[in-house]
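See structure below.
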Amino acid sequence: MIGGKKIGIGLMLGVILLMTIGMSIPSEVHQEKVIRIAGDNNFPPFEYFAQTGVYSGFNVDIINAISIETGMRIEFVPLPWNVALDALRNGHVDAVQGMKYSPARDKLYDFSAPYFLSSQGIFVRTDNVHIFGIGDLTGRRVAIQKADIAADLFLELQNTSFIETDSQEEAVQLLLDGKVDAFVGNRITGQYFLQKNNQQSQIKIVGDPIDPTDYGVAVLPNNVQLLTEINKAITKIKQNGTYDKIERKWFGQYIRPNTPNLERLRLYLEWGSGIGLLIVLGILWWNRMLKKEVQRRTSQIHEINRELKEKMALLEENLQFQQQLLNSTYSFYVTLTQHGRIFLMNRKAVDFLDVDHHLTGLPLSETILAEFIPNNQVEDVLMQGSTYLEQEIVWERERDGQGQRLIIRYNIFPIISPAKEITGAIINFHDVTKQKDMEKKLESENRLRSLGQLILGIAHEIRNPLTSILTYTQLLPTKFDNPKFRNFFAQQVPGEILRLNDLVNDLLEYARPKPPHPARFRVADLMEAVLALCSQKIKEKKVQVSLSLPPHLCIEADVNQTKQIWINVVLNAIESMDAQGKLNIRGFTEGQMVVVEVEDNGHGMSPEDKYRIFEPFFSTKANGVGLGLSITYQLVKENGGAIDLHSQPGLGTTMIIRLPMPQQETEGKDSYAPSVSH
């Protein structure tokens, strides 16, 4: 008998030991297996992707706390809500975090111990005067999230049209856009989206909280072991204060709509205390290596949290720095989302527009900006990635009861992500009205100054031949009988008269240039014609000519005037060089313009001469009249182009001529081939 009792006692001790060890085995098992838990990918503040791209939220922190308590390796699977439920039913995930309890769902899933009380709400626009409760939704258009419990709550409603969305944020947007009469969803999540986008003034909640119900983790009925471990951990984090910290972090001192059943709570606490005691005994009994592993993983989580906090703080500093940088710029900046809504405005833009309400979150087409920023250009930038630079437009606006005429210069360019996708657009604009007025005044002053120089030049150039003619004419009576004088007179006087005639013709061409007749032609063809006309000068000085003009490069301008421009520029370059000089001619495109550069290695110009080279009657040549480059400058302007130069004494000069390229450039289109002859 004594031996039998010893055997019985030994068996009982063995059973107790196996039971104690068995309680600690699941933690080790869970360390080997990854538990996949699905959740809604856009259900803030419960579960969502933060701006940093990290999956965050109340439910995520709860599951992380459960992972620490149990030692389970958790993998989050963020999905649209209806896809998450399908994944659970099909066995692709082990559980779904944050599911609201209902009798219908209880037939499909097993629920953990509840850790929150969730309720639904009815959201309507602030101008609503018809919907005040569930009964008023009959015959209305109601937005709900796919697979949301709201669909089960309104089965008895007749003639109600339910529009399902992938997320509650999309449902809120349908309500804002007027496409539905109401949205039914989680009260906290709905208010979160409205506060995030500053839309509280447009949407309100009506009626009492709908169906306050327990909220917890859901698994399939056959996954009892996982549910047991989760329930143990939920009890533990509620006892050690972890749950209270998580709840305060996300909801502050949130007060639940209804007090839970105290008796059921007491049973949960007693059950959890017993399980917690067994877990403590198992941890003490188990080897110290497991404790070290838990500590190591806890340290890793703390380190990850610390790094995340540092990154979030750095991101916040970067955002503040960007906003300060935008506010300190001279121009006005507005950024748009890829849907054309205003995302950010700097302080100067807000002050300039002088609006009495915030524009952030509104479509650009519905704001004051649409009065001077063309909507078709904005759509082109967002859809095609086009760029509009240095655009000018006249804006007529009313301010303080008076009309204002402003000249706005703006740029629109796309925001490109590292994945080469268009994620938005930036509009940079500023008021150039005063600048334009000043330019007109300066232009008027320059014209008056040029007119005075022109008159002085004309007087000087006419006085010289007239003096010669007057001298010869006065000598004519006394030397008429001298044959040599008559021959000299016959040669010199007509020459001086022709010189005067050429001067008058140049003046007429300068004062009244012929209007251009634009045509499309190839740059290379016309330049070859110009070089052929200048070939004698090139041969005389043995100039080496280098051409770099793409065969497809085309210009739309007056052909004859362009030829005259290039002849003047090429001849000036040849005359500025000594024998065996080098002349480089190259062409390329720059935006909507074709650029032709004529570079020589001649004597170059002083800084003073560079600023006067295009003035009439200014010339650095010994016998030059000084009208060639003035006429060239005017012809370039008449054809919608620009001319500039770079020059240094002793290093040569580069003339830069910009002329417009054809509006609709097409490959293979016939182009003008200019003639070599005059």
Side-chain angles (χ1 to χ4, degrees), residues 319 321-400 402-417 420-443 589-595 637 640-642 644 658-661 663-665:
L319 290 175
F321 174 75
Q322 291 174 10
Q323 184 66 51
Q324 292 174 358
L325 185 63
L326 287 177
N327 289 338
S328 62
T329 56
Y330 168 75
S331 299
F332 313 136
Y333 281 91
V334 176
T335 61
L336 304 178
T337 67
Q338 61 184 355
H339 302 297
R341 293 181 174 272
I342 296 175
F343 179 72
L344 186 67
M345 296 177 65
N346 70 340
R347 173 56 56 188
K348 291 186 182 297
V350 174
D351 294 341
F352 173 72
L353 295 175
D354 192 24
V355 291
D356 57 0
H357 58 280
H358 213 284
L359 303 182
T360 303
L362 298 178
L364 178 73
S365 58
E366 298 179 6
T367 66
I368 191 173
L369 288 164
E371 294 183 9
F372 60 89
I373 301 296
N375 190 58
N376 60 329
Q377 292 184 3
V378 174
E379 292 179 353
D380 190 31
V381 171
L382 292 173
M383 297 298 294
Q384 306 296 331
S386 304
T387 300
Y388 292 88
L389 302 177
E390 296 299 316
Q391 305 288 308
E392 289 188 2
I393 193 168
V394 177
W395 180 27
E396 304 280 354
R397 76 167 180 177
E398 290 286 334
R399 189 171 187 179
D400 299 331
Q402 296 181 349
Q404 282 187 323
R405 185 179 185 274
L406 303 178
I407 301 175
I408 304 297
R409 182 178 295 160
Y410 64 90
N411 304 287
I412 313 175
F413 43 92
I415 301 174
I416 308 296
S417 70
K420 306 300 181 183
E421 297 179 350
I422 302 171
T423 59
I426 296 178
I427 301 175
N428 155 233
F429 63 96
H430 54 276
D431 181 6
V432 296
T433 308
K434 293 182 179 179
Q435 177 184 336
K436 287 293 184 180
D437 292 341
M438 184 63 69
E439 288 176 356
K440 288 181 180 179
K441 291 179 181 178
L442 291 175
E443 184 179 354
T589 59
E590 187 179 88
Q592 301 297 318
M593 307 295 282
V594 171
V595 182
K637 289 293 185 180
D644 197 2
R658 292 177 173 85
L659 290 169
M661 62 191 303
Q663 293 293 326
Q664 294 181 343
E665 187 67 32

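Going from atom OG1 of T387 over to atom CG of D380 covers 9.5 Å, rounded to the nearest 0.5 Å. With values rounded to the nearest 0.5 angstrom, H430 atom NE2 is found 8.5 Å from F332 atom CZ. Note: Q391 CD to R409 CZ = 11.0 Å, rounded to the nearest 0.5 Å. Atom CG of D431 and atom NZ of K348 lie 13.0 Å apart (nearest 0.5 Å). In this structure, T589 OG1 and M593 CE are separated by 11.5 Å, a value rounded to the nearest 0.5 Å.
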Residues 359-369 side chain polar contacts: donor-acceptor under 3.5 Å, at least two apart:
from	atom 1	to	atom 2	distance (Å)
T360	OG1	H358	ND1	2.9
T367	OG1	L364	O	2.8
T367	OG1	L369	N	3.4

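Checked by atom type and distance alone, the side chain of N411 pairs as donor or acceptor with a backbone atom of E390 at under 3.5 Å. Proximity of a side-chain donor or acceptor of T433 to a complementary backbone N or O of I407 within less than 3.5 Å is detected.
Residues P660 and Q592 have side chains not in contact (no heavy-atom distance under 4.5 Å, counting atoms from C-beta outward). Taking the side chain as every heavy atom from C-beta outward, L336 and I342 approach each other to under 4.5 Å. Between I373 and I412 there is a side-chain heavy-atom pair separated by less than 4.5 Å. Between I415 and I422 there is no side-chain heavy-atom pair separated by less than 4.5 Å. At least one side-chain heavy atom of V378 sits less than 4.5 Å from a side-chain heavy atom of L382. The shortest distance between side-chain heavy atoms of F429 and Y333 does not fall below 4.5 Å. With a 4.5 Å cut-off on side-chain heavy atoms, Q404 and E396 do not count as touching.
Closest approach of S386 to P414, counting heavy atoms only: O-CD, 3.3 Å. Summarising the geometry of V381 relative to A425, their closest heavy-atom pair is CG1-CB, 4.0 Å, with the distance given to 0.1 Å.
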Could you go through the side chain to side chain contact (heavy atoms under 4.5 Å, CB included) check for E590 and R658 one step at a time?
-> CA-CA 9 Å; E590 187 179 88; R658 292 177 173 85; 2.9 Å; yes

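Separation of the Y388 and Y410 ring centroids does not fall under the 6.0 Å cut-off.
Remark: Q338 engages no residue in a side chain to side chain contact (heavy atoms under 4.5 Å, CB included) (not counting sequence neighbours). Annotation: side chain to side chain contact (heavy atoms under 4.5 Å, CB included) contacts of F343 (sequence neighbours excluded): T335, T337.
A cation-pi arrangement, defined by a distance under 6.0 Å to the six-membered ring centre and an angle within 45 degrees of its axis, is present between R397 and F352.
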